[in-house]
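First the structure, in the form of structure tokens, and then the observations on it.
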Amino acid sequence: MLILSRDTWQEIFGSIQKNKARTIITVIGVLWGIFIYIVLSGAAKGLDNGFEERFENIAMNSMFAWAQTTSVPYAGFKTGRPIQLKLGDVRTLATRVPEIQYIAPRIVKGAFGGESGSVVYGQRTGSYSVYGDFPVLSKIAAQKIYVGGRFVNEGDIKENRKVCVIGERTQKELFGKYIDPIGKFIRIDNVFFKVIGIKKFEDGGGFGDDGDITIPFSTYRKLYNTGDNVGWLAIAAYDDADVIKVEQDVKKVLKKIHKISPEDERAIGSFNLGELFTKISGFAKGLTFLSLVVGIATIIAGVIGIGNILLISVKERTKELGVRRALGATPSEVRGQIILESVFLTLIAGIFGIILGSFALKGIAVASEGADIPYTNPTVPIPFVLGALFIMVVLGTLIGLIPAQRAVSIKPIDALREE
Amino acid sequence: MIEIKDLHKSYKIGKNSLHVLKGININVEEGELVAIMGSSGSGKSTLLNILGMLDVADEGTYTLDAVPIKDLDETKAAKYRNKFLGFIFQSFNLINYKTAVENVALPLYYQKVGRKERTEKAMQYLQKVGLADWASHLPSELSGGQKQRIAIARALAAEPKVLLADEPTGALDSTTSYEVMNLIQNINDEGKTILVVTHENDIAKMCKRVVRLKDGVIIEDEKVNQVRASDHV
Ligand SMILES: Nc1ncnc2c1ncn2[C@@H]1O[C@H](COP(=O)(O)OP(=O)(O)O)[C@@H](O)[C@H]1O
Ligand SMILES: [Mg+2]
């Protein structure tokens with residue numbers, strides 16, 4: 001009843017309006033706090049969304065393993081022995097590490113510093129990395145093929161078909177705007193390949209670019225005479241598996257197959273996205289936490305500022321409050337009024353802060369549009385906003401208690417004597 | 001209306017204690033207009049403040065309108081003040097950001113009277129003190145005499161049993177003082193019990209009874225022939 005009555009509000013407005021400049025300055029303190037909180041946590045959310053969007057094409061619990069040279073002598077071998085992954089490793093891994101859902105051996109010409117494949121279509125030539133892949137790769141990293149085309153399939157593998165999937169850039173450079181490449185033949189290192197698909201390039205796998213050409217793994221072996229050699233392995237673990245453990249197990253098995261010392265940390269290289277994701281989402285979480293800490297701290301500072309101002313205001317109004325009490329204001333009425341002033345100021349500041357913060361987020365979103373940063377849909381979850389408002393009401397009440405208590409702690413007669 | 005028996009009050013100042021009221025006995029009937037006189041520092045305000053429940057006595061009994069006033073906590077005191085007492089201060093004590101009518105309506109706000117009725121009543125009392133036309137003015141736009149009349153209207157608005165005025169003319173020139181006393185006499189004529197603290201003889205003579213304080217006791221208490229303030233205006 002006290003809160004809703006128009007009279008109560010009028011009393012509050014009356015006393016707040018008395019010192020407009022000071023009220024505004026104080027309100028700005030809290031406003032700034034909630035503003036920072038909203039902008040920071042919204043931006044953190046935006047980054048989080050942005051990262052998620054970038055990596056949505058690739059299985060979160062995937063990993064890669066490749067071979068290097070040994071760094072520890074073992075089983076009669078000297079250190080510095082180069083290791084070569086073989087197709088046979090794939091089956092061994094699949095049986096020994098049951099957490100593996102998909103495993104795709106990959107091989108490439110170019111990409112890692114070697115010579116790229118030289119590609120010709122009519123008068124146009126270019127050099128692009130050429131990948132030998134199995135269809136299962138698309139289960140690990142989504143392969144987006146433009147309508148009308150397809151990715152490498154089992155039939156291609158079985159029959160060593162000379163077919164290829166080209167990248168967007170390859171399409172542009174070799175075919176230009178007006179020719180549909182599907183069904184056309186290009187020469188890769190002097191062998192004719194039929195184009196079966198155009199791959200939409202999505203950043204996120206780390207390596208690879210929009211010029212990559214993919215041919216069936218089996219065809220690649222024959223073309224480049226690579227035998228059973230495998231460049232590296234792309235592996236996706238089951239959703240509930242611990243990728244880090246899978247990574248360790250995979251390395252353990254590979255070391256065993258290739259007679260590498262279990263202590264050799266260098267012979268098998270690996271990289272797991274799960275860890276990367278944990279790190280990235282950890283970063284976003286850290287940012288959210290930081291914004292929470294900074295925001296709350298600023299809000300607290302602002303609310304303390306309000307408490308301070310009210311304390312001064314109460315001191316200045318000692319006489320007025322004395323008069324009110326002489327006229328019949330009870331201590332709880334006086335206290336209530338001051339606490340309501342505090343809550344009111346805090347809330348007004350909070351609401352304005354939220355509004356301005358939202359505008360700022362909108363501004364950042366517009367400014368970052370098109371720029372190459374992972375930043376998508378920066379929003380602050382409603383519960384966070386409500387939580388912040390709730391905290392502010394609580395803090396406003398608590399801080400208001402101090403001046404409120406101070407206002408009634410003085411006897412009315414002493415208050416009236418004050419000048 | 002008011003019964004005071006053997007009232008004592010000391011102020012503590014550091015280690016010393018200043019015995020200001022040393023056994024005051026006084027009865028005031030309904031409808032009286034009493035001047036409390038005495039030199040500066042004689043304890044007039046102290047007495048009035050105790051009567052006004054703004055301060056508490058150390059010893060003695062106080063009965064107001066047959067209600068024994070004792071064991072007061074601040075909430076109870078506030079309610080009694082609101083119901084029984086109207087205050088008129090030397091320095092008016094109007095709230096400077098409220099208009100005349102808002103000031104007058106304030107005691108009614110604490111009586112939980114609805115807004116409309118409150119304003120109506122406040123206007124009625126402004127009319128009574130002849131300042132209805134000034135209702136929407138802030139105190140800073142009013143003269144001293146006008147402010148005191150607003151304060152009187154405010155004191156009356158809650159329809160208290162007793163009006164307590166501490167040097168109500170202390171800050172006013174003599175013409176204005178007489179106007180204010182005229183108003184107080186008129187209110188008294190209507191039956192309101194009024195106590196006026198003053199150290200001015202001419203003001204005291206406008207009351208019906210003069211009580212003199214000296215060294216913390218009443219040295220004189222006599223009925224006087226009231227001089228009408230209107231004769232001086
Ligand atoms: N709150 C107080 N603390 C200490 N001494 C006080 C206080 N109020 C009044 N006194 C002293 O008590 C005496 C009586 O004061 P007061 O009742 O105000 O006198 P009067 O109103 O007659 O001038 C004075 O000597 C004054 O200094
Ligand atoms: Mg005095």
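Quick note on labels: first sequence line is chain A, next is B, and so on, each numbered from 1. Excluded from the calculations below are hydrogen atoms, water molecules and symmetry mates; all remaining heavy atoms, backbone and side chain alike, are included. Here the structure is a predicted model, which means the values were calculated and not measured.
Residues B:Tyr110 and A:Arg324 have side chains that bring a donor and an acceptor to within less than 3.5 angstrom of each other. Side-chain N/O atoms of A:Thr330 and A:Glu333 include a donor and acceptor closer than 3.5 Å.
Looking at B:Tyr80, there are no atoms closer than 4.5 Å to chain A (heavy atoms on both sides), in backbone or side chain. Residue contact with chain A, scored on non-hydrogen atoms closer than 4.5 Å, involves the side chain of B:Asn49 exclusively. Of the atoms belonging to B:Lys98, it is side-chain heavy atoms, and not backbone ones, that fall under 4.5 Å from chain A.
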Original post:
Would B:Leu213 and B:Ile218 count as a side chain to side chain contact (heavy atoms under 4.5 Å, CB included) if you check the C-alpha gap in whole Å, the side-chain angles of each, and the deciding distance to 0.1 Å?
Top reply: CA-CA 5 Å; B:Leu213 282 184; B:Ile218 295 176; 3.7 Å; yes

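Highest contact tally toward chain A, considering only B:Phe89, B:Phe87, B:Tyr97, is held by B:Tyr97 [criterion: heavy-atom pairs under 4.5 Å].
The pair B:Lys121-B:Glu159 meets the salt-bridge criterion, since a charged nitrogen lies less than 4.0 angstrom from a carboxylate oxygen.
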